[in-house]
Amino acid sequence: MAAENLLHKWFPAAVRPLIISAPMFTVANGALAAAVTGAGGLGMVPAGMDPSATSPHLAALDEQLTIARQIINDADSNKTSSVTHDARPPLPVGVGFLTLLATPEAYRANALPILQRHRPAFVWLFGSDPAEYGPLIALFREAGADWGLKVFVQVGTVEAARQVVRAGADVVVAQGSDAGGHQFAAAAGVVTLVPEIADALRHEAEFRDKEVAVFMACPEADSNPFVRNAILKTSDGGATTARSSMNDAIMGYPTWSKLYAGRTILHSGLADIENGVPVERVNESFMKAVAEGDETRMITFSGTGVGLVRSSKPAGEIVQEVRDEALAVIARLKGNI
């Protein structure tokens, strides 16, 4: 089922295309969350990063969820404030947890009672090592099973997306490097990150490979064999490519002005520059590598979408596939509006 349709199934009162406000710590609140939900989106209330028993963040969460429910109830004449906590319907807002200081034990003792009292529709987790989300996801899913609590996890790389899906996340929130605030140190822009994550998760879930190609890898191109090899074996472009103004100098080419930088697949020369090796010596190492066929020092210019390329296809096939995929996306978007 398409993601948009699945979200609509989970949150049927929301209007498509679905708009979700972020759990902006120190900015979002119950009134904002209720307003977004009231307009057909999904609002969120921040829970902060302190899960301790005396946490002011959790105290504020309790207060703001109360405000959100009161506003939403006031807007719906069929709801009454006399309904008991246990009989309350799920609150159509989310709760955003910054999990960098969290332990499952602290959340179980101090956050879960608040969630069980207010019954939010989903929680949104961000700030932990993606490999460590399993216990937190399991904790929230079990605690909210009675009212269908969903777990969103925010990530910034393809591998992180795989990890949280394997850990049981219901929704992967892909944050690109063009976002504001805290984010993954190595990430692609949202334009390439989202399709690469979507592609990775499709064959992660269905145990199949989806062939994708671009013109640099097609047989008609004059690409050097090492360029084809690098393009076809590289994935997670936000973490495995980097921008630098030193690539041309490393190769011995004329250096561009400081207005420009080139994005390449990571290579040994960039690591040398970062470690303080003079560019002249890095160039010598590069020239030696060229002579010896050492591909670890070869420089392949590539965008962050490199992870979507896994096969070499004739240019004509690429054109037809891209056209067909574009038309299919347009058709899906029309169906969701």
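Values in this document were obtained by computation on a predicted structure and should not be read as measured data.
Within the model, atoms CD of E295 and CD1 of I265 stand 11.0 Å from one another, a figure rounded to the nearest 0.5 Å. One distance of note links CD of E274 with CE of M246; it measures 12.5 Å at 0.5 Å rounding. Here the CD1 atom belonging to I114 is positioned 4.5 Å from the CG atom belonging to L58, to the nearest 0.5 angstrom. Separation of atoms CD1 (I318) and NZ (K313) is listed at 8.0 Å; rounding is to 0.5 Å. Here the straight-line distance linking atom OG1 of T103 with atom CD of E132 works out to 12.0 Å at 0.5 Å rounding. Within the model, atoms CD of E292 and OG of S285 stand 10.0 Å from one another, a figure rounded to the nearest 0.5 Å.
Between the T37 side chain and the A33 main chain, a donor and an acceptor come within less than 3.5 Å of each other. In this structure, W147 contributes its side chain and P120 its backbone to a donor-acceptor pair below 3.5 Å. A donor-acceptor distance shorter than 3.5 angstrom exists from the side chain of D236 to the backbone of V158, with no hydrogens or angles considered. Of the possible polar contacts, one joining the N275 side chain to the A271 backbone as a donor-acceptor pair under 3.5 Å is found. In this structure, the side chain of S128 engages the main chain of T99 through a donor-acceptor pair within 3.5 Å. Looking at R263, its side chain never comes within 3.5 Å of a backbone N or O of T304 through a donor-acceptor pair. Listed for the N283 side chain is a donor-acceptor partner under 3.5 Å among the backbone atoms of I250.
Hydrophobic clustering (ILVMFWY, side-chain heavy atoms < 4.5 Å, transitive): F184 and L98 are in one cluster. The same ILVMFWY cluster, assembled from side-chain heavy atoms under 4.5 Å apart, contains both I137 and V95. Connection of F11 to V36 is not established within any shared hydrophobic cluster, with ILVMFWY side chains joined at heavy-atom distances below 4.5 Å, either directly or through further cluster members. No single ILVMFWY cluster, assembled from side-chain heavy atoms under 4.5 Å apart, contains both L7 and V190. When hydrophobic clusters are built by joining Ile, Leu, Val, Met, Phe, Trp and Tyr residues whose side-chain heavy atoms come closer than 4.5 Å, directly or via intermediates, V153 is grouped together with L149.
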Apply salt bridge (Lys or Arg N to Asp or Glu O under 4.0 Å) to residues D272 and R297 and explain how you reach the verdict. CA-CA 10 Å; D272 287 346; R297 288 192 171 273; 2.8 Å; yes

Does E159 form a salt bridge (Lys or Arg N to Asp or Glu O under 4.0 Å) with R162? I'd like the steps, not just the answer. CA-CA 5 Å; E159 181 55 30; R162 290 191 180 103; 3.4 Å; yes

Verdict with reasoning, K288 to D294, per salt bridge (Lys or Arg N to Asp or Glu O under 4.0 Å): CA-CA 8 Å; K288 181 181 178 182; D294 177 6; over 6 Å; no

Give the C-alpha distance, both sets of side-chain angles, the deciding distance and a yes or no for ring pair (Phe, Tyr, Trp, His ring centres under 6.0 Å) between F25 and H57. CA-CA 9 Å; F25 186 44; H57 299 172; 4.8 Å; yes

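The shortest distance between side-chain heavy atoms of L101 and D50 does not fall below 4.5 Å. The closest side-chain heavy-atom distance from W10 to V171 is below 4.5 Å. For the pair T241/L266, no side-chain contact is recorded, criterion being any heavy-atom separation below 4.5 Å from C-beta on. Taking 4.5 Å as the limit, some side-chain heavy atom of L270 sits within range of a side-chain heavy atom of N247. The shortest distance between side-chain heavy atoms of V45 and N29 does not fall below 4.5 Å. At least one side-chain heavy atom of R117 sits under 4.5 Å from a side-chain heavy atom of D62. With contacts defined as side-chain heavy-atom distances shorter than 4.5 Å, the pair R141/D170 qualifies. Annotation: side chain of T264 is not in contact with side chain of T300 (no heavy-atom distance under 4.5 Å).
Scanning all heavy atoms of the two residues, the minimum distance from P92 to L42 falls at O-CD2, 3.9 Å. Looking at every heavy atom in both residues, A34 comes nearest to I72 through CB-CG1, 3.9 Å.
Within a 6.0 Å radius of CD1 in I19, other residues, nucleotides and ligands contribute 12 heavy atoms or fewer. The number of heavy-atom neighbours closer than 6.0 Å to CD of E317, taken from other residues, nucleotides and ligands shown, is above 12. Heavy atoms of other residues, nucleotides or ligands lying less than 6.0 angstrom from CZ of F301 number more than 12.
With ring centers used as reference points, F126 lies 6.0 Å or more from F152.
F97 pairs in a ring pair (Phe, Tyr, Trp, His ring centres under 6.0 Å) with only one of the listed residues (W124, Y107, F122), which is Y107.
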